[in-house]
S.K.: 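Provided herewith is a single structure, encoded as structure tokens, for subsequent inquiry.
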Amino acid sequence: MRHMILLLVSLLLAAPLTIVAQPNSLLPVPRNMRMGEGATPLTLDSGTTVRVTRFRDARLDRAVARFVDRAEARIGVPFAVPGGPTATIVIEVTAAGQRVQGIDENESYSLHVNNERAFLKAPTVVGAIRGLETLLQLITGDEQRFYVPEVAIEDEPRFHWRGLLVDVGRHFMPVEQIKNTLDGMALVKLNVLHWHLSEDQGFRVESKRFPKLHQLGSDGSYYTQSELRDVVAYARDRGIRVVPEFDMPGHSTAWFVGYPQYASRPAPIAIRREWGGADAIFDPSREETYTFIDQFIGEMVAIFPDQYWHIGGDEVEAKHWNGNARITRWRRARGFANTAAVQAHFNRRLTTILRKHGRVMIGWDEVLHPQLPTQTVVQSWRGVNYLSEAVRKGHPGILSAPYYLDHIKPATDFYLADPLPAGTTLTAEQQALVLGGEACMWSEFVSEETTDSRLWPRLGAVAERLWSPQHVTDVPDMYRRLDVLAGRLEGMGLRVQSHTARMLRQLMPTGDIAPLETLLTVAQPPFFGQRLNGVSTNQLQPLTRIVDAARPDPSARWLVERLVRRVVQGPVDVAARDSLATLFARWRDNAPRVRALGTGTPLIAQSTPASDALARTSEIGLQAIGYLSRGERPPSEWLQMSMIELKGYEGPQGLLRVSIVSEIVKLLVILGGVVS
Ligand code: ACM
């Protein structure tokens with residue numbers, strides 16, 4: 001009998017596994033994908049084998065080894081070795097790809113999975129790297145086994161330039177943090193790390209030629225040349241280019257701590273601690289300035305092989321260009337009518353230097369000027385219109401304006417901002433000049449500890465916008481997959497959500513942090529400008545407050561938005577009303593608990609204004625749900641007073657913002673009109 005049961009069990013196990021098609025969580029969505037329907041998937045287990053056919057090189061071998069490690073970690077058993085002709089996972093690459101990855105590197109791949117085999121085919125190693133990430137994301141499971149569903153994918157990116165700017169000038173990020181970020185970028189198929197390496201607040205690279213740059217300009221926080229090379233190699237292994245930015249002529253105070261002779265302002269010059277534009281900028285009138293820059297770039301191009309070089313060029317505070325008698329004489333003698341003309345001259349000189357070193361110049365949109373050579377790439381940050389203006393004038397352009405992650409906007413805003421929207425008035429030729437986009441993570445209010453939470457998962461929304469077809473715009477599905485992405489990254493060791501509990505523990509070593517965690521599911525940091533105006537901060541202030549423990553675009557905001565939409569749009573949705581009422585009651589009742597914790601430390605007491613505002617917002621929401629459920633029109637006085645009260649909660653409450661105020665306003669608007 002026992003044998004019979006065992007036989008039956010093994011027969012069952014051997015039977016082809018049939019799955020119910022479930023939504024996949026691929027991010028970014030591939031260009032073309034056909035899922036098998038109710039088909040038999042490919043089981044992954046200790047019998048799985050991997051084989052690389054045709055081309056192979058060390059970079060591909062490392063990519064495959066990482067893939068195997070991650071897949072094995074996921075399924076909990078090692079694959080079988082070696083993979084022979086009948087291997088389960090076959091990787092066929094045609095060639096290495098470009099020696100230095102360029103913007104036209106072929107990143108395409110195809111992936112075909114049936115119940116016997118996964119076949120990944122790519123013309124280049126970078127294409128294979130993209131495809132391996134897709135294959136990893138497809139691994140799923142049930143009670144009995146892990147598998148990859150039957151699928152046929154043909155994939156390639158919509159835009160060539162899909163980047164992330166990381167600002168290590170204002171707050172330094174150690175190499176490990178940069179590598180974690182690169183791992184996350186590879187997961188979502190981003191391909192440019194734009195590394196903002198010098199700022200008023202810090203010069204972050206070792207220069208052997210001009211050692212006072214890092215010795216005096218960095219507070220000791222800088223990358224050695226061997227660390228820089230290591231990061232560039234790490235990025236290349238993941239199909240990611242590294243574009244360095246050394247911002248000039250402005251945002252350059254830290255250069256002049258060691259080398260004040262190249263500044264327009266008299267010495268001494270110290271590292272600037274305050275945020276915002278600084279007036280220590282390069283002296284454009286002296287030949288020595290250009291020799292210095294030329295020699296510095298000459299040293300750095302050996303470390304950064306990318307064809308592109310970012311000179312910054314933004315927010316030039318020209319006080320000393322106009323106030324320094326020597327520079328003014330020079331300007332008049334040259335016939336430069338204004339600051340813009342001086343900057344254009346400076347940029348032309350930089351273009352020549354960069355060209356000599358084999359580099360193409362990129363600058364922020366302030367560099368746009370009739371005198372600027374058209375090869376110069378213009379990166380728009382002040383508005384989408386600057387992208388259009390740049391490409392209309394014949395410059396390649398990169399869009400960043402809508403993708404400022406540090407501005408703490410919801411993922412939806414990033415997702416729906418298209419570099420080339422459907423109704424664009426650009427000609428086909430001008431559209432071809434739009435290279436893509438870059439998310440920006442400026443670090444005034446971002447530390448090593450909080451950066452993962454400010455980057456992810458929202459960066460996934462930008463990554464998908466830049467990779468996937470234009471018609472992929474389903475916001476609810478994006479949020480569903482961003483949740484999965486957040487979990488994946490957390491599983492890889494990034495502190496996407498886990499920083500909250502740890503930082504709360506720093507504020508409060510003992511006691512129950514749950515009320516604060518509850519608050520932070522719905523309260524978020526204020527928008528960038530609001531924080532800047534709220535409390536004066538500088539580089540020396542620790543980023544360890546409740547606002548730093550908070551998360552941008554917190555989970556409950558999206559949940560409430562969805563539920564309110566169901567309630568507002570009708571037909572009557574009792575379940576949505578009940579869910580909202582439960583959430584509102586929980587948040588209302590949370591306030592006294594937060595208040596009690598605040599008696600222990602002033603830093604926790606800082607959360608009570610937001611907690612109290614959340615409680616009142618929730619109370620109004622509960623009353624609104626009550627009126628809706630009873631089909632009653634509320635007294636107009638209640639509507640009016642509630643609306644006024646809610647308006648008062650729209651801005652920051654202390655240093656936190658209640659993220660759902662506008663959703664409660666929607667409920668009131670409905671109540672003021674037609675009761676559903
Ligand atoms: C910038 O945000 N100043 C480029």
Side-chain angles (χ1 to χ4, degrees), residues 161 163-171 173 192-204 243-255 272 274-282 308-319 339-340 343-344 346-347 350 361-369 372 376-390 395-409 413-414 417 419 435-446 451 454-455 458-459 462 525 527-533 537-539 552:
W161 195 296
L164 168 68
L165 172 143
V166 175
D167 167 15
V168 297
R170 293 175 172 94
H171 281 102
M173 307 284 161
V192 180
L193 172 69
H194 171 166
W195 210 356
H196 184 82
L197 288 163
S198 66
E199 247 309 327
D200 295 319
Q201 287 77 23
F203 190 93
R204 303 301 182 194
V243 175
E245 178 186 347
F246 292 94
D247 206 343
M248 55 181 63
H251 286 283
S252 46
T253 307
W255 293 75
R272 181 179 159 94
E274 311 305 317
W275 313 130
D279 59 23
I281 65 175
F282 275 94
Y308 291 82
W309 183 281
H310 208 301
I311 60 102
D314 57 321
E315 299 183 300
V316 178
E317 294 287 332
K319 179 173 154 194
T339 304
Q343 196 182 351
F346 181 78
N347 288 339
L350 291 185
M361 184 168 121
I362 314 177
W364 296 106
D365 52 47
E366 287 98 325
V367 301
L368 202 52
H369 189 275
L372 188 72
T376 308
V377 180
V378 175
Q379 181 164 8
S380 91
W381 74 277
R382 290 179 296 175
V384 179
N385 46 327
Y386 286 98
L387 179 72
S388 306
E389 195 183 331
H395 295 276
I398 299 167
L399 183 65
S400 275
Y403 306 131
Y404 267 43
L405 296 168
D406 57 314
H407 285 195
I408 315 292
K409 304 251 178 63
D413 290 25
F414 304 126
L435 304 178
E438 265 187 21
C440 292
M441 178 51 78
W442 300 102
S443 68
E444 280 93 340
F445 305 118
V446 181
T451 190
R454 271 91 186 115
L455 286 170
R458 295 176 306 151
L459 180 54
V462 182
F527 299 132
F528 180 84
Q530 294 173 329
R531 180 150 180 188
L532 208 55
N533 295 332
T537 64
N538 64 28
Q539 190 191 27

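Keep in mind it's a predicted model, so treat the numbers as computed, not measured. Every number for a ligand or one of its atoms is a count from 1 in the order of the listing.
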S.K.: Taking all non-hydrogen atoms of both residues, which atom of Arg454 and which atom of Phe445 are closest, and how far apart?
M.R.: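 Answer, listing the atom of Arg454 first, then Phe445: NE-O, 4.4 Å.
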S.K.: If the condition is ring-ring contact (aromatic ring centres under 6.0 Å, His included), which residues does Tyr308 pass it with, not counting sequence neighbours?
M.R.: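 With neighbours one apart ignored, the set is Trp161.
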S.K.: Hey, is the main chain of Thr253 close enough, under 3.5 Å, to the side chain of Asp200 for a donor-acceptor pair?
M.R.: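 Between the backbone of Thr253 and the side chain of Asp200 there is a qualifying donor-acceptor contact (under 3.5 Å).
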S.K.: Evaluate the side chain to side chain contact (heavy atoms under 4.5 Å, CB included) criterion for residues His310 and Trp364: first the C-alpha distance (whole Å), next the side-chain angles of each, then the deciding distance (0.1 Å), finally the verdict.
M.R.: CA-CA 8 Å; His310 208 301; Trp364 296 106; 3.5 Å; yes
S.K.: Quick check: does any side chain N or O of His395 sit under 3.5 Å from a backbone N or O of Thr376, one acting as donor and the other as acceptor?
M.R.: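 A pair under 3.5 Å: yes.
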S.K.: Can you list, by chain and residue number, every protein residue with a non-hydrogen atom closer than 4.0 Å to ligand 1?
M.R.: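 Correct list: Asp314, Glu315, Trp364, Trp381, Tyr404, Trp442.
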S.K.: Looking at every non-hydrogen atom in both residues, tell me the closest pair between Ala439 and Leu405 and how far apart they are.
M.R.: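 Shortest heavy-atom separation between Ala439 and Leu405 comes out as CB-CD1, 3.9 Å.
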